[in-house]
Amino acid sequence: MIFDVLTLFPSIIHAYTGESILKRAIEKGIITVNVYNIRDYTEDKHRQADDYPYGGGSGMILKVEPIYNALCHIDKDGRKRYKILLSPGGRLFTQKVAEEFSERYDHLLLICGRYEGVDERVKHFIDEEISIGDFVLTGGELPGLVIIDAVTRLLPGVLGDENSPREESFTTGLLEYPQYTRPVEFKGMRVPEVLLSGNHKLIKRWRRKEALRRTLKNRPDLLKTIELSEEDRELLKEIKEEEQWI
Ligand code: 9D3
């Protein structure tokens, strides 16, 4: 998978892709991240990438020409790319969208805006706008990295096969169960006895119950979208008897 990133702050992208799992994925040749500085494609002697909004108002707007120039330069190799503008008004990025991108495309281009937005005419040169959630950031770099990160970990060979991305929280539809590692006791807090029991059937039941408990508490909306088994209903009944907040 190739990611092209257009940004005014290339070092933000390099800082994250130069560490840990993404760094390894790059070294293994599973992904390539090409970073382009939008300022390099400005046309004036001050290399101005932003300007005041027509009609007035506060804040600066990213100009259309530098982005268009960068896209023309990058497109000269003739490769097909799916072009995404990171934008607070875009389609919501979810695990489903990450799966869709990882399966459907082998080349994504991400445009990171800054300031108070980008000139509307940029939208003529892209395939879609993506938002990562209902909160306001100062730019599209973190959202761009979120997409690179979430898509990359789905690609074959990135994660070890012990932690396959297929059977996790957002794929099972529940939040994850609590996990513990050594020591068995820390400041008086003990690892639940069942996890030390070696009884795999009991452990499985406990994990399912705690996943249900966590989901009921933090994301009750998720419980309405998944299919509950007979055992799930039993466990939820136990949870509701145990918890006084419900
Ligand atoms: C005046 C309206 N503002 C939109 C809420 C303007 C504005 C503020 C901040 C436009 C862009 C930005 C910078 N944010 C992004 O570029 C961005 C973003 C975000 O802020 N939240 C969630 N997803 C994304 S994707 C890109």
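Every number for a ligand or one of its atoms is a count from 1 in the order of the listing. FYI, side chains are in, hydrogens and waters are out, and symmetry mates aren't considered; it's all heavy atoms of this structure.
- Looking only at atom types and distance, the side chain of Glu141 has a donor-acceptor partner in the side chain of Thr7 under 3.5 Å away.
- The distance criterion of under 3.5 Å between nitrogen or oxygen atoms is met by Phe135 with respect to ligand 1.
- The closest approach between any non-hydrogen atom of Ile130 and ligand 1 is below 4.0 Å.
- Each of the following atoms of ligand 1 lies closer than 4.0 Å to a heavy atom of Ile132: 22 (C), 23 (N).
- When the heavy atoms of Arg114, Glu141, Glu116 are ranked by distance to atom 3 (N) of ligand 1, first place goes to Glu116.
- Between Arg213 and Glu243 the shortest side-chain heavy-atom distance falls below 4.5 Å.
- Of all protein heavy atoms, the one closest to atom 13 (C) of ligand 1 is Leu137 O, 3.3 Å.
- Among all non-hydrogen protein atoms, the one lying nearest atom 17 (C) of ligand 1 is Pro88 CD, 3.8 Å.
- Contact atoms of ligand 1 toward Gly133: 21 (N), 22 (C) (distance under 4.0 Å to a heavy atom of the residue).
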Just do the ring-ring contact (aromatic ring centres under 6.0 Å, His included) check on His73 and Tyr41 with the steps written out, would you?
CA-CA 9 Å; His73 173 84; Tyr41 299 89; 5.5 Å; yes

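- For Pro143, every heavy-atom contact with ligand 1 shorter than 4.0 Å involves the side chain, none the backbone.
- The CZ atom of Arg205 lies 5.5 Å from the CD atom of Glu231; values are rounded to the nearest 0.5 Å.
- Between Asp51 and Asp119, every side-chain heavy-atom pair lies at or beyond the 4.5 Å cut-off.
- The option from Gly59, Ser58, Ser87 that lies nearest to atom 25 (S) of ligand 1, judged by heavy atoms, is Ser87.
- For the residue pair Tyr82 and Glu128, a side-chain donor N or O sits within less than 3.5 Å of a side-chain acceptor on the partner.
- For atom 8 (C) of ligand 1, the closest non-hydrogen atom on the protein side is Val136 CG1, 3.7 Å.
- Expressed to the nearest 0.5 Å, how far CD of Glu116 lies from CD1 of Ile61 amounts to 7.0 Å.
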